[in-house]
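In what follows, every chain begins at residue 1, and chains take the letters A, B, ... in the order their sequences are listed. Note: hydrogens, waters and symmetry copies are ignored here, and every other heavy atom, side chains too, is used.
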There are 2 protein chains.
Amino acid sequence: MQDVAKLANVSIATVSFTVNNTKPVSPATRARVEAAMQELGFRRNAVGRALASKRTHILALLYPALQHRFRGTVVDFFTSAASTANEHGYNLVLWPAANDAELDELTSTGLVDGVLLMEVQVEDPRVEQLQASKTPFALIGRTADPSALDYVDIDFENTIAAAIDHLAGLGHTSIGLLDGGLGRGQLRGYGPVVRARAAFAETMAARGLTAYSTSCDESPGAGREAATRLLDDAPGMTGLLIMNEHAAPGLVSGLRHRGISVPDDLSVLLIASSREMAAMNDPELTVMSAPSIELGRRGVELLIDHLNGRSDHDRHALVMCAFEQGNSTAPPRHPAA
Amino acid sequence: MQDVAKLANVSIATVSFTVNNTKPVSPATRARVEAAMQELGFRRNAVGRALASKRTHILALLYPALQHRFRGTVVDFFTSAASTANEHGYNLVLWPAANDAELDELTSTGLVDGVLLMEVQVEDPRVEQLQASKTPFALIGRTADPSALDYVDIDFENTIAAAIDHLAGLGHTSIGLLDGGLGRGQLRGYGPVVRARAAFAETMAARGLTAYSTSCDESPGAGREAATRLLDDAPGMTGLLIMNEHAAPGLVSGLRHRGISVPDDLSVLLIASSREMAAMNDPELTVMSAPSIELGRRGVELLIDHLNGRSDHDRHALVMCAFEQGNSTAPPRHPAA
DNA sequence: CTGTTAGCGCATTCAA
DNA sequence: TTGAATGCGCTAACAG
């Protein structure tokens, strides 16, 4: 910066002013400074700026380490959040936190301006820690009562309702929900499952439909077992929502091995997954695809707005999954009278 | 830090020494300093340290934006690299670079100490840019001639050979390879495909086996089409290597729809994927699973060693995929005489 | 073994 | 509209 200033015959302060548009600079000197910067290939040093301005322009994507491995659909979060951050002049650092110490380091070393919290549980201790630390943060997901927090999340309520309506519209009256379970240990109370179950029960009751609900681990093997269990426990069921993209292929092939045809004998609708994952099944599943990319983007933007003191935006965003027709949903073989 | 120094009755420098173990400190004063740090909950500011030491302890994971979306197996890279970095006191920032400007910013703003380069092509312009910029970097993957570079990669040569030997050992003599294609545009010359093809051709020739090679896009739909094509073009083939985890489910179900049974009529071996992806198929595929986690870890460690001037380690690491038996490989129905 | 001191590269206040 | 000077929090000589 010294060099630029010298070459442009201005002070180092003026260079700073023109770079940051922080004070009026006459067109003439601005031109000289910019020319000098060009010539020297100048890029202002990020660390110096961070120290002086107390803003690193680094955001952390905080996710729980040691827990379930990330599903196919989740990568999109990572990359979309990173890209959005870049577009706004920020950087995104991956922050795997397995324990309090790592969370402590996150908030107290001054490395990051803000935090994006993923895989939020209904009761999430990390939220309180972040609040106590005064670190600005936004959630991708929601706690039980998130009204005072900034968050973006899938609109499970409306997504589930739309899913049910799709099947009900085809004539199904007995519909099941297979989810990935509430988890154990630290992952207990995983928000999406909690909300999906509640929405399912409520909507089914409101529509006067027969509901069946169960869960299995997030693996094809568990899905295969679930197929058997479902056929035994809910014989009259003709429609099934699956919110467990990893179990889906096992479920579908398990059904096939039991002589059950999808969609002729059972309509299957995958929830909160992606078209790609749906296409890995045979038949290709109809899917409500998760807005991963949009959530990543909006989460970052929400956080950045917060950092800039712009809280005029809505602090809460719920985004529905998008319906994508596949070959796994059809009217039931014996429509209800 | 001032506060800590005051509380411990030492100079600020002494605090720095004990924190960094950079100079001998007497046990007594060390104890006092540590006590003071405890009491004040002191964590040294990352930005101050970075500015003074010219080391940010931030690494960038550089990946091509705008290109193919990341496959299931790739997330493990991200998280494993991030975790490893953390263990060594580093942070990992996601760096999606779609153009030269973003690469320029990476190398010239002083934000990162080193770069991990993913999705390397055989001829990769980014490598030259990084070299020109004097930024330390390591590759996950390899260019055509990587001898002068630090890299970790899958050992495609031995993996392919092991895969062929598995099938040959079962009695197969006519074996195909289905890969994801060399790609177009910027992704042209994607290393894994180039190397796998070469290794396949070479090993098949060395074993005196009949080889057939083709490719299709990375999608289940393309896999379904490929099934038909394969049956028409290579009717005598009894074994197939698939290095295209996204097409595999379509391939397998396509075969089923054509009345071809796996493994009875055709043995299928998935390459450089994961057990999880293999399990999404029916039958569950035998797989050579990619060492994604290890590659992420070793890539980071290689880079950090480099940063610390420890180049005594091997600068090159090739890791084989691990064989995991599934239900998709068996002796051919009509073993060769 | 410990203290003093000079920057690291930049943003920003205060004068001019 | 511009310049001079101060300091962000810490590391690393250099002295002692």
Side-chain angles (χ1 to χ4, degrees), chain A residues 1-37 40-58 89-91 105 107-113 307-309, chain B residues 1-37 40-58 89-91 105 107-113 307-309:
Chain A
M1 211 175 213
Q2 290 285 14
D3 303 340
V4 175
K6 206 167 302 174
L7 191 70
N9 269 322
V10 294
S11 84
I12 178 176
T14 303
V15 178
S16 179
F17 297 152
T18 93
V19 167
N20 302 315
N21 279 318
T22 175
K23 290 234 173 168
V25 173
S26 78
T29 67
R30 168 178 296 278
R32 286 213 316 285
V33 171
E34 282 171 349
M37 296 199 313
L40 277 62
F42 171 82
R43 309 290 240 129
R44 79 175 157 335
N45 179 289
V47 181
R49 170 166 80 139
L51 188 59
S53 67
K54 298 181 166 304
R55 302 278 244 98
T56 62
H57 286 239
I58 297 176
Y90 281 79
N91 291 105
E105 173 155 350
T107 59
S108 57
T109 60
L111 213 216
V112 307
D113 290 344
L307 292 176
N308 292 333
Chain B
M1 210 174 213
Q2 290 284 15
D3 303 340
V4 174
K6 207 167 299 173
L7 190 71
N9 269 321
V10 295
S11 83
I12 178 176
T14 304
V15 178
S16 178
F17 297 154
T18 94
V19 167
N20 302 316
N21 280 316
T22 175
K23 290 235 174 168
V25 174
S26 81
T29 65
R30 167 179 297 278
R32 287 213 314 287
V33 172
E34 282 171 350
M37 297 199 311
L40 277 63
F42 172 82
R43 307 290 239 130
R44 80 175 156 337
N45 180 290
V47 182
R49 171 166 81 139
L51 188 58
S53 66
K54 299 183 167 303
R55 303 278 243 97
T56 62
H57 285 240
I58 296 175
Y90 281 79
N91 291 106
E105 174 155 352
T107 58
S108 57
T109 60
L111 214 216
V112 308
D113 290 344
L307 292 176
N308 293 333

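- Within the model, atoms CZ of A:R32 and OG of A:S26 stand 7.0 Å from one another, a figure rounded to the nearest 0.5 Å.
- Of all the heavy atoms in B:V47 and A:L51, the pair that sits closest is CG1-N, 3.5 Å.
- Residue A:R49 holds its CZ atom at 10.0 Å from OG of A:S16, rounded to the nearest 0.5 Å.
- When heavy atoms are screened at a 4.0 angstrom cut-off, B:D3 is found touching no nucleic acid atom at all.
- Sequence order on DNA chain D of the closest nucleotides to A:T29 and B:N20 puts A:T29 first from the 5' end.
- Taking both residues in full, the closest heavy atoms of B:R55 and B:Y90 are given as NH1-OH, 3.2 Å, listed atom of the first, atom of the second, then distance.
- Between B:M37 and B:V19, some side-chain heavy-atom pair lies under the 4.5 Å cut-off.
- Here A:V19 lies out of heavy-atom contact (under 4.0 Å) with every strand.
- Contact annotation for A:S16: base contact, defined as any heavy-atom pair under 4.0 Å involving a base atom.
- Against DNA chain D, the stretch residues 43-53 of chain A makes heavy-atom approaches under 4.0 Å through A:L51, A:A52.
- Once you apply a 4.0 Å limit to the heavy atoms of chain A, the touched nucleotides of DNA chain D run 5' to 3' over D:dT1 to D:dG9.
- First and last contacting nucleotides of DNA chain C toward chain A (any atom under 4.0 angstrom from a heavy atom, 5' to 3' order): C:dG9 to C:dC14.
- Counting heavy atoms from C-beta outward, A:L111 and B:I58 have side chains that approach closer than 4.5 Å.
- In this structure, the side chains of A:R30 and A:N21 come closer than 4.5 Å at one or more pairs of heavy atoms.
- A:T56 and A:D113 make their closest contact through N-OD1, 2.9 Å (heavy atoms, listed as atom of the first residue, atom of the second, distance).
- Scanning both residues, A:V15 and A:V10, for their nearest heavy atoms gives CG2-CG2, 3.9 Å.
- Residues B:N91 and B:H57 are not in side-chain contact: their nearest non-hydrogen atoms beyond the backbone lie 4.5 Å or more apart.
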